[in-house]
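A quick write-up on the structure given underneath.
Residue numbering restarts at 1 for every chain, and letters A, B, ... go by the order of the sequence lines.
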Amino acid sequence: MERETLQGMSATINLRQRIGDLTRTALLAAQDGGALPSFEVPADVPVEQSRHAAHGDYSTPVCMGLARLLRRAPLQIAQIVAQHMPAAPSIARVDVAPPGFINFTLEPTWVASTVGAILAAGDSWGNIALGKGARVQVEFVSANPTGPITIGSARNAVIGDVLASVLTAAGYTVEREYYVNDAGSKVRNFGASIFARYGALFGVDVPFPEQGYPGAYVTDLASKARDNFGRRYLEAQDRDSAVRELGQWGIQMILETVADDLAALGVHFDTWFSERSLYDTGLFDEILAKLRAGGFVVEHDGATWFRHSDLEKDAVLIRSADVIPNPEDRPTYLASDIPYLWNKLVERKFDRAIYVWGADHHGDVPRVQAAAKALGLDVNRLVFIIYQMVTMLRGGEEIRMSKSSGEFITLRELVDEVGPDPIRFMMLTRTVDVTLDFDLDLAVEQSDRNPVYYVQYAHTRISGVLRRAMEAGWDVSSKGDLSLLTHPSELGLIRKMLAYPEVLTVAAQSLAPHHLTTYATELASAFHAFYRDCRIVSSEPDEAELTRARLVLAQAAQIVLARVLRVIGVATPDRM
RNA sequence: GCCCCAGUAGCUCAAACGGAUAGAGCGAGUGCCUUCUAAGCACAAGGUUAGAGGUUCAAUUCCUCUCUGGGGUACCA
């Protein structure tokens, strides 16, 4: 049976869940009473918010699905179930509608009373226990540390960061990780590029590598190297190791700015994981031996391949015999993904490892999954969020960027120009499955009409009202008689506030953070409607009680707005 | 060739495990500031959900095919 005493609720009311449970109880009761034949009652009864007021607040189509099984008309089943529906303080009425819906209408006084629970829960409002503390790692961005973060990583950064926040709010223990690709030939070329510029500063002609990095930041790094190290690397006996050391030093320098730039966007990592460490600790060799023992490794033309029956014709190159002369550079980047997943799931024991990858990497998913299988691990512990690419437009023209050509717009430039909030919000307004056009002119030009301001403005409006109320001598912290909240716009706002835990549940279960921006906009809209229809601080003497109640509502609404905005990671301004 | 994603209002996109009358923003239209911020609100306009089949009581949603766009396709990560 449901418990509805407000103080008994941990923090959050989940109406969808609750109505599903009620319906399930009714189904079981109808069975026990013989009104319905015996059948297996579904564990999860589907419940949705009604789209039209005529259909109540929530509805379930469950009876229509049972019609065939029970050989009864769905409407008849719905009527029987409705008759067995247990009474609940939250539900005012239960109606049956053709062809077999059961519609629930909330009890208005109960709805109004929940405002107190929201206010009491405060910052914990909406948090749900879905994760039960399971440990989840979200690995994202992980852009090459051979150059500054570009705007090409913006979507990845926001999706990963907000996903982590969503999961935290949903009761998971979450770690944010950046995988640093500090092994392989790219790093080598990067070091050689710095070395060439560095040499030039001393008038020494060092050939610039063919696959080098021509960006101006490389020259800046070379100057810094000259200031820090003088001629040390130029005079080194072993040019190869000098280049390598300079490359590693350059990566460290880059990573510092990468961390700063991401912080400017509001993104912070718990762990920066070095790809090189997979080799240095011997894990790579260990895992390779394991795969070999399992018969998943084949040698062909002097190269080493990972093969798995899942991969059809594909095989993954682990180690090449040629092309790269330096043996320590030989494993491919895909090869290091295999010990890396072992490190995540076995050594560090994450229950789930989430990868946030651009669509250009989607082809690697089956390979990593096959590797997990080959290592005897549960593939479902690896979750891949594949988001579609972002097309950057300026002046209606697509901007093509690449670090190797040295032509790109940095994330930092974008953040400095537009600010973190619009970027974060806009990157979350679409599902990860659709490509995104990001018009730089529009982002700047129309920034004050960006949807994020619409939501933030609602928050600001509430702050303004509360300020005015305090100036007028109202005790803003006081309680109010919530039963006075009866206006449709008041109840509409509260109902929207109550939907937050449901939205969070959906976002966490489907790993789809865009639901939050959609919801935030709807919540702001509900507040604006309330603001329009209901004078909050009244000067009428006989409306003092109503004013008190509405001040409580306004505060509770602000809490929910702030909760959503915090999860999205944008500011909650008190003035705009 | 094969694999992945998408195609919904003029534009950019939503639509929870398949549910009832497919929703927002922008743009264009008409109104609303002498009391809490007009970065707001109201009204009205805009749709054969790319096309064709199929499954289902019910399809924007699932399946097949076609068309269009984007991405990938083993040593750049």
Practice problem: Identify whether a stacking contact exists between A/H55 and B/rA20, where the ring centres must be under 5.5 Å apart and the planes under 30° apart. | Solution: yes
Quiz item: Taking the same atom, C1', in B/rG10 and in B/rG29, what whole-Å distance lies between them?
Solution: 14 Å
Practice problem: Indicate, with a heavy-atom threshold strictly under 4.0 Å, whether A/N103 touches base, sugar-phosphate, or nothing. | Solution: base
Quiz item: Going by modelled atom types, is there a donor-acceptor pair between the base of B/rA20 and the side chain of A/S59 at under 3.5 Å?
Solution: yes
Quiz item: Checking all strands, does A/H52 fall into the base, sugar-phosphate, or nothing category for heavy-atom contacts under 4.0 angstrom?
Solution: base
Quiz item: If you pin A/I386 and A/R575 to their nearest nucleotides in RNA chain B, which one's is more 5'?
Solution: A/I386
Practice problem: Side chain of A/N181 only, please: which of B/rC17, B/rA20, B/rA77 is the nearest? | Solution: B/rA77
Quiz item: Hey, are A/R535 and A/E540 close enough for a salt bridge, meaning a charged N less than 4.0 Å from a carboxylate O?
Solution: no
Practice problem: Establish, with yes or no, whether the OP1 or OP2 oxygen of B/rA42 is under 4.0 angstrom from a side-chain nitrogen or oxygen of A/R532. | Solution: yes
Quiz item: Can you find a side chain N or O atom of A/T431 that sits less than 4.0 Å from OP1 or OP2 on B/rA14?
Solution: yes
Quiz prompt | No-H, no-angle donor-acceptor pair, A/H362 side chain to B/rG71 base, under 3.5 Å | solution = yes
Quiz item: Under 5.5 Å between ring centres and under 30° between planes: true for A/F101 and the base of B/rA20?
Solution: yes
Practice problem: Select base, sugar-phosphate, or nothing to describe what A/R51 touches, counting heavy atoms under 4.0 Å on all strands. | Solution: sugar-phosphate
Quiz item: On the ring face of A/Y531, is A/R461 found with NZ or CZ under 6.0 Å from the centre and within 45° of the axis?
Solution: yes
Exercise. With syn defined as a glycosidic angle within 90° of 0 and anti as everything else, classify B/rC33.
Key: syn
